Every structure is written in C-alpha cells, then in structure tokens.
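To start, the structure under review is shown below, and the notes come after it.
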Amino acid sequence: MKDLQSRREFLGRAAAVSAGIALGAPMPGLARPAAKLKTTDPKRALVTWFSQAGHTERIGKIVACRLIRAGLAVDHGDIRDVSLEGIAGYDLVVAGSPVYYFEAPDFLTARLESLPSIEGAAVASYSTYGGPGHNQHNTACDLLERLVDRGGVPVGIDTFGNMSTFAPTWSTGRIERVVKYRDRPNEATYRRARQFADGLLAAARAGRPVEVKRSVTAFEAMKILNSRWWTKRMISRHEIDAGTCISCGLCEDRCPVGAITIARHLVDRDRCVACMGCVNLCPVQAHVMIFNGDRVYGFQELLRRQKIEIAEPEELRGEFCPAGGRR
C-alpha cells in the first residue's frame, strides 16, 4: 500500500508539472533585499558549506583564505561543524552546497531557514556540480534565498564545475560521462573561486547589492517529480559489511540525517536520503549498496582505479591560510 501511494504521489506530481509547463507557470524568483548593508567595511565573515567528497569544501576554503588575506577575521567550516549561534555578529556570510538532485539538500536549506536574523549582513552563495551540470545556478539560489529571507543583502553568487561524485553513474557502466571531466577541479576552477571571493568583497565594500534571478530550466520540473525518491527505489540493498568495516565512524559522523549506526553496522534506509556520502567516504568500501543490480563503489575508489589525483589549490597545500583564520 505504501508503494502504491508513493507511485500515485509521483504520478500526481508529474501531472502537476506538465500542467504548469503547459500553462506557462512562472518560476519563483529570488526575494529582493529589504535592508541596506549594515556596514561597507566588513570585519568578520563566516564561510560555511556542506561537502561530502571535498569539492564544495575546497571552494569554501579558497573563499575563506581570500577573505583572510584581505584582512577579515573569518570563521569557516562545514555547516555540521560550525556554530551558528553568533551569526548575527558577522558582516559577511557565504554558504556553499553541491547540486543534490537538482537543488540544495533539504537538511541544508532547513538549517539556513532556522537561523536568527542577520539583518543587513552581506550574503553570498555558491554551488558545485559534476560534469556539464544540472540546475547549478538555481541550487546556489536556494541558499541565497534563505540568507536573504533572514535579512541578508546579496553581494555574490557563482557555480563551480567538477568531476561528478554521484557513485551510481560510474558503478553502472557510464564511467566515460564522469572521467571526461577528470581534470576538474583544476587551477582555472580555483582562479574563479578567488575571483568570486574578491568580487563579493568588493560589492560589500562598495555597498552594491547584486540582483539575482532564477533560471527557467527543465530541471525545476525534475525537482517536483522527486528524482531522489526514484533513486531510492532503484537501491535494492544498502548495508554495512561488518567483516570489512574498520569502525572508523566516518560514515556515521558525516551522514547528514543520522541514518547510520556504526556500532550495530546499521543503515536506516527509511531515513537515508541517498546522498551517496557514506559510499564515497568509506575508506575500505564496507558499504554494500546495490543500485539497479550493480554494486556501487565510492569516489575515492574511482580515483584509485582511474589513477586520478585531484590537484589541490595552493591554499590547501600545507597549513591552511594560517594568518587570521579560525576553524
């Protein structure tokens, strides 16, 4: 009965999307800032992100380092690790996310929606995406909208392409689609990240908000159709092999929805959001996931098999930007 209701929900959403497209329904726009910047001389900044395979983290650290070198005191880190209690005290807030089933993940946007007021703070967002990209601009808009809703004033938005980290793609034989972009992120990516940081800081210092509009794309329809639900339906098995697991706890610690209990080698498949983070992060491939009949293997294993080494930006070589940064 539950499966039947889920299918009915899926078909109902499909009908609604088709009707909306046929009627030329407008896409939602980004809320306009109602406040002015509280300062054009920002002193304190927060750069936070959600990252599983490392792409979004790299961009966030580059942005943080650039702001540090510009003289700001910067707190930075994954949104699961940083404290947001004092967020009203920041003059600049930057948030980043990977594209997750054509949008920013619910658990991240919900965290931003729960923030206290940041009235007058300069805000910016970015997204990272794999391969040619799917809805990356609107994913960054998902973050920026939440920050604007909390009183922020937008000063920047950007997107950064990388090699895809969606494990079912290469695990089911479509590896060429992924390794075609084996050189990304590269120095050109990192250069753009520095330019992004410089640009948003320049806009904040000039008191010049940016106007951001969502793009009208077919992928907005895919969001309504809930492709994540469809992906979960194609996963016939997901468990932890107790004989292989080394109990490092990385998957449990990084699971964004608390679906893993490493002491019992348990995956709560109902709670799981199919982000593939556990499969990608496990150093010994102890997560046994069967997708459409094939065993899924993680991003680190893909890099090893394909002999790919991601070139790290200069900001991450050795000690991370030591002067003025706070983790």
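For clarity, every value in this text was computed on a predicted model and none was experimentally measured. The chain is numbered in sequence order, starting from 1.
Annotation for Gln52 and Cys275: closest pair NE2-SG, 3.6 Å, computed over non-hydrogen atoms. Taking both residues in full, the closest heavy atoms of His265 and Ile240 are given as CD2-CG2, 3.8 Å, listed atom of the first, atom of the second, then distance. Annotation for Cys245 and Ile262: closest pair SG-CD1, 3.7 Å, computed over non-hydrogen atoms. The two residues Leu108 and Ser97 come nearest to each other via the heavy atoms CD2-CB, 3.4 Å. Closest non-hydrogen pair, Ala95 versus Leu143, comes out as O-CD1, 3.6 Å. Nearest heavy atom pair, residue Cys251 against residue Cys278, reads CB-CB, 3.9 Å.
A salt bridge between Glu187 and Arg194 is present, with a side-chain N of the basic residue lying under 4.0 Å from a carboxylate O of the acidic one. Here Arg205 does not pair with Asp91 in a salt bridge; the nearest charged N to carboxylate O distance is not below 4.0 Å. Salt-bridge annotation for Arg317 and Glu312: absent, with no side-chain N of the basic residue lying under 4.0 Å from a carboxylate O of the acidic one.
Two residues are said to be in side-chain contact when any heavy atoms from C-beta on lie closer than 4.5 Å; Pro185 and Tyr190 meet this criterion. Counting only heavy atoms from C-beta outward, the side chains of Arg214 and Asp142 approach each other to under 4.5 Å. You'll find the side chain of Trp49 reaches within 4.5 Å of the side chain of Lys61, heavy atoms only. Arg295 has its side chain within reach of Val288: a pair of non-hydrogen atoms, C-beta onward, lies under 4.5 Å apart. In this structure, the side chains of Val63 and Val74 stay at 4.5 Å or more apart for every pair of heavy atoms.
Cluster membership for Leu266 and Val273, using ILVMFWY side-chain heavy atoms within less than 4.5 angstrom, is not shared. Note: the hydrophobic cluster containing Val99 does not contain Tyr101 (ILVMFWY, side chain heavy atoms under 4.5 Å, direct or indirect links). Under the 4.5 Å side-chain contact rule for hydrophobic residues, Val155 and Ile68 share a cluster. Using a 4.5 Å cut-off between side-chain heavy atoms of Ile, Leu, Val, Met, Phe, Trp and Tyr, with links allowed through other members, Ile310 and Leu316 fall into different hydrophobic clusters.
With hydrogens and angles ignored, the 3.5 Å screen pairs no side-chain donor or acceptor of Arg182 with any backbone N or O of Met163. No side-chain donor-acceptor contact under 3.5 Å links Trp170 to the backbone of Phe299. Using a distance-only test at 3.5 Å, with no hydrogens or angles considered, a donor-acceptor pair links the side chain of Arg111 to the main chain of Ile79. A side-chain donor-acceptor contact under 3.5 Å links Asn162 to the backbone of Phe160. A donor-acceptor distance shorter than 3.5 angstrom exists from the side chain of Thr39 to the backbone of Asp41, with no hydrogens or angles considered. Judged purely by atom type and a 3.5 angstrom limit, Asn280 has no side-chain atom pairing as donor or acceptor with the backbone of Ala53. The main-chain N or O of Ser51 is found under 3.5 Å from a side-chain atom of Asp78 such that the two form a donor-acceptor pair. Between the side chain of Lys36 and the backbone N or O of Gly207, no donor-acceptor pair lies under 3.5 Å. Remark: side-chain polar atoms of Asn138 are not paired, donor with acceptor, to backbone N or O of Cys141 under 3.5 angstrom. With hydrogens and angles disregarded, a donor-acceptor distance shorter than 3.5 Å links the side chain of Thr48 to the backbone of Gly77.
Interatomic distance, Asn186 CG to Arg192 CZ, rounded to the nearest 0.5 Å: 10.5 Å. Separation of atoms OG (Ser227) and NZ (Lys232) is listed at 13.0 Å; rounding is to 0.5 Å. Rounded to the nearest 0.5 Å, atoms CD (Glu119) and CG (Leu37) are 11.0 Å apart. The distance from the OG atom of Ser125 to the CZ atom of Arg146 is 11.0 Å, given to the nearest 0.5 Å. From Leu144, atom CG reaches atom OG1 of Thr139 across 12.5 Å, with rounding to the nearest 0.5 Å. Rounding to the nearest 0.5 angstrom, the gap separating the CE atom in Met234 from the CD1 atom in Ile290 is 13.0 Å.
The side chain to side chain contact (heavy atoms under 4.5 Å, CB included) with Met276 is formed by just one residue from the set Thr231, Thr165, Leu281, Thr169; it is Thr231.
Under the side-chain contact (heavy atoms from CB on, under 4.5 Å) criterion, Lys180 pairs with no residue at all, not counting sequence neighbours.
Note on residues 107-153: pairs passing ring-ring contact (aromatic ring centres under 6.0 Å, His included), not counting sequence neighbours, are Phe50-Phe107, Tyr100-Phe107, His134-Phe219.
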What pairs of donor and acceptor atoms, side-chain ones from residues 195-202 against any protein atom, are under 3.5 angstrom apart with sequence neighbours left out?
from   : atom 1 : to    : atom 2 : distance (Å)
Asp198 : OD1    : Arg66 : NE     : 2.9
Asp198 : OD2    : Arg66 : NE     : 3.3
Asp198 : OD2    : Arg66 : NH2    : 3.0

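A side-chain donor-acceptor contact under 3.5 Å links Asn135 and Glu220. Side-chain atoms of Asp106 and Thr109 include no donor-acceptor pair closer than 3.5 Å.
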